[in-house]
Amino acid sequence: MTLALNSRLDDVEASHGIVFGGTPRERAKQLCDYLAETAIERDAAGGTPYEQRQAVRDSGLLKLLIPKTYGGLGGSWQEIYSIIRQIARVDSSIAQVLAFQFLMLTSIRLYGSEVQWQHYFKLTAAQNLWWGNALNPLDNRTVARKAAAGYVFTGQKSFCSGSMDSDYLIVSAIEEGTGKFLVAAVPTDRSGIQLNGDWDNIGQRQTDSGSAEFNQLRVEDSELLMNPGPLSSPFASLRSLVAQLIFTNIYLGIAEGALAEGAKYTRSSSRVWSGSLAQTIHEDPFTLLHYGEFWASLHASAVLADHAAGLLDHAWQQTLGLDELTRGELALAVFSAKVNATRAGLDVTTRVFEVAGARATTAKLRMDRFWRNLRVYTLHDPVDYKLKDLGDWALNGQYPTPSFYA
């Protein structure tokens, strides 16, 4: 079903029963209300949430990053991250695969030629395409062998988030003989791609972050995103910072969701401790102290994340005119936000039980899902290395060196 491509889309009703309407933020709210209804059950089930992914498609949010000129909604990074965080409060798996849609489109925009990224942006907007990830720069098991007018990719990839139920994939391989890192955009249903659906971890259970296998996968030269290619300029190196800020906002959303769920339970079901002088749990000084700590740490992290998103919008608009200084300042802001969101989030999702009480550990509530989701996702890349980069700046005045993770 085709959506009107403007800031207020035509209302659409699908099998999931949602009538989406209004601005992207309003549509995100409608999506969140729907996702919250089954979040607990789906966390237990794992697997691919096909119905929920269809709801995301029908919401129109897949085209939020794409400029209106190419059929999209023209959202800013500040708006995108706000929506990602909003969704992560109720369903961090859906937030991740939606966020990776924007990361894959970012890869196309930064790595591909003008003809390529404009083509894929228009195609994505017109056909409401969902992009999955099979890039993973740390996994070098996929080898590219030169063939006529292209390459043949053979090997495996791990952590292919959002690959199931996707329309296109961003894939990577190491060129045989040269060791060159190649990136390409290919249809998910192309012969030679096998998605194993083997993601069964303790958290982020519906991100489909399992493995993929490529068996003589044909990749045309026109599908290679190598002009200008990865890390070819300060602008092309923004992909890693887009990714790091995705992680940061999902971490925040998860922790904010835990705080909201904990507060709801405390207000309705927690009991004041026998030794307290307070008459109700709402007045207990230690309960208030802990909630105050939670709020202060998450609020500070959110301010840092929002500041970094504003800097990213500015850097994004510079395109190839982006200089190393502006890129470096953005990296410092992103890393600071990520470090604080990681620490604050793990603290809140762990200690929220101290104020909710023992009965809040019932399996029916699955309040542990917030910690499990955050613990799994914060292991994506070691936060210690972000602190090392920040320390190199604080001590030596050195900006982080651009890479796929910095």
Side-chain angles (χ1 to χ4, degrees), residues 46-50 52-54 56-57 62 93-94 96-112 116-117 119-121 123-124 126-176 179-201 204-226 229-230 239 243 380 404:
T48 305
Y50 290 104
Q52 287 71 31
R53 285 180 62 103
Q54 186 59 44
V56 176
R57 292 179 190 270
L62 290 180
S93 288
I94 293 294
Q96 180 178 333
V97 293
L98 174 59
F100 269 48
Q101 164 83 354
F102 306 133
L103 183 58
M104 298 307 105
L105 291 174
T106 293
S107 305
I108 294 169
R109 174 64 184 89
L110 299 179
Y111 297 169
Q116 284 178 314
W117 71 258
H119 163 72
Y120 285 120
F121 274 26
L123 185 67
T124 298
Q127 299 185 20
N128 209 23
L129 300 178
W130 201 321
W131 289 79
N133 175 52
L135 193 155
N136 192 354
L138 286 181
D139 191 343
N140 295 329
R141 293 177 296 164
T142 299
V143 176
R145 295 180 175 87
K146 196 73 180 75
Y151 285 85
V152 173
F153 285 19
T154 301
Q156 300 82 39
K157 281 288 178 182
S158 57
F159 296 111
C160 299
S161 299
S163 55
M164 302 291 290
D165 196 38
S166 65
D167 301 297
Y168 272 75
L169 291 174
I170 298 295
V171 302
S172 69
I174 301 299
E175 184 177 25
E176 186 178 47
K180 187 176 182 180
F181 187 79
L182 303 179
V183 180
V186 297
T188 306
D189 62 2
R190 177 169 293 174
S191 176
I193 298 176
Q194 177 181 315
L195 303 178
N196 293 322
D198 51 359
W199 179 253
D200 188 23
N201 287 41
Q204 295 298 92
R205 290 179 46 75
Q206 292 200 316
T207 61
D208 284 309
S209 298
S211 62
E213 296 183 28
F214 306 120
N215 183 17
Q216 300 295 305
L217 170 64
R218 174 71 187 186
V219 176
E220 306 295 332
D221 281 336
S222 62
E223 295 170 328
L224 291 170
L225 305 174
M226 301 301 295
R239 182 192 185 275
H380 180 277
F404 283 107

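All values reported here derive from a predicted model rather than from experimental measurement.
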Got a sec, which residues hit side-chain contact (heavy atoms from CB on, under 4.5 Å) with T207, two or more places apart in sequence or on another chain?
S93, Q96, V97, W199, Q204, S209
Distance, nearest 0.5 Å, that separates CG of N215 from CZ of F153:
14.0 Å
Looking only at side-chain N and O atoms, does R239 offer a donor or acceptor that is under 3.5 Å from a partner on T106?
no
Run I108 and Q116 through side-chain contact (heavy atoms from CB on, under 4.5 Å) and show every step you take.
CA-CA 8 Å; I108 294 169; Q116 284 178 314; 5.6 Å; no
Do any N or O atoms from the side chain of Q206 and from the backbone of T48 form a donor-acceptor pair under 3.5 angstrom?
no
Walk me through whether V56 and L62 qualify under side-chain contact (heavy atoms from CB on, under 4.5 Å).
CA-CA 7 Å; V56 176; L62 290 180; 4.1 Å; yes
Ignoring hydrogens, what is the shortest heavy-atom contact between L224 and A184? Give both atom names and the distance.
CD2-CB, 4.0 Å
Going by salt bridge (Lys or Arg N to Asp or Glu O under 4.0 Å), name the pairs with one or both residues in residues 153-173, residues two or more places apart or in two chains.
R53-D165, R57-D165, R57-D167
ring-ring contact (aromatic ring centres under 6.0 Å, His included): which pairs involve residues 155-175, sequence neighbours left out?
W131-Y168
What is the distance from atom CZ of R141 to atom OG of S211, rounded to the nearest 0.5 Å?
7.5 Å
Please name the pair of heavy atoms, one in L195 and one in A212, separated by the smallest distance, quoted to 0.1 Å.
CD2-CB, 3.8 Å
Does the side chain of V171 reach to within under 4.5 Å of the side chain of T142, using non-hydrogen atoms?
no
Quick one: CG on L105 to CG on L110, what's the gap to the nearest 0.5 Å?
10.5 Å
Which heavy atom in I94 sits nearest to a heavy atom in P49, and how many Å separate them?
CD1-CG, 3.9 Å
Separation between OG of S191 and CZ of R218, rounded to the nearest 0.5 Å:
12.5 Å
Which pairs pass salt bridge (Lys or Arg N to Asp or Glu O under 4.0 Å) with one or both residues in residues 183-201, sequence neighbours excluded?
R190-E223, D200-R205
Full working for side-chain contact (heavy atoms from CB on, under 4.5 Å) between L135 and F181:
CA-CA 10 Å; L135 193 155; F181 187 79; 3.8 Å; yes
Over all atoms of both residues, closest heavy-atom pair of S166 and L169:
OG-CD2, 3.7 Å
If you round to the nearest 0.5 Å, how far is CG of L98 from CG of L103?
11.5 Å
Those residues that, when tested against W130, pass ring-ring contact (aromatic ring centres under 6.0 Å, His included) (two or more places apart):
none
The side-chain contact (heavy atoms from CB on, under 4.5 Å) partners of K180 (sequence neighbours excluded) come to E175, T178, L182, M226
Validation row: Y120, R109 side chains within 4.5 angstrom (heavy atoms)
no
Can you name the nearest heavy-atom pair linking G192 to L217, along with the distance?
O-CB, 4.1 Å
Minimum heavy-atom distance G179-I174, with the two atoms named
CA-CG2, 3.6 Å
When rounded to the nearest 0.5 angstrom, what distance separates CG in N196 from SG in C160?
9.0 Å
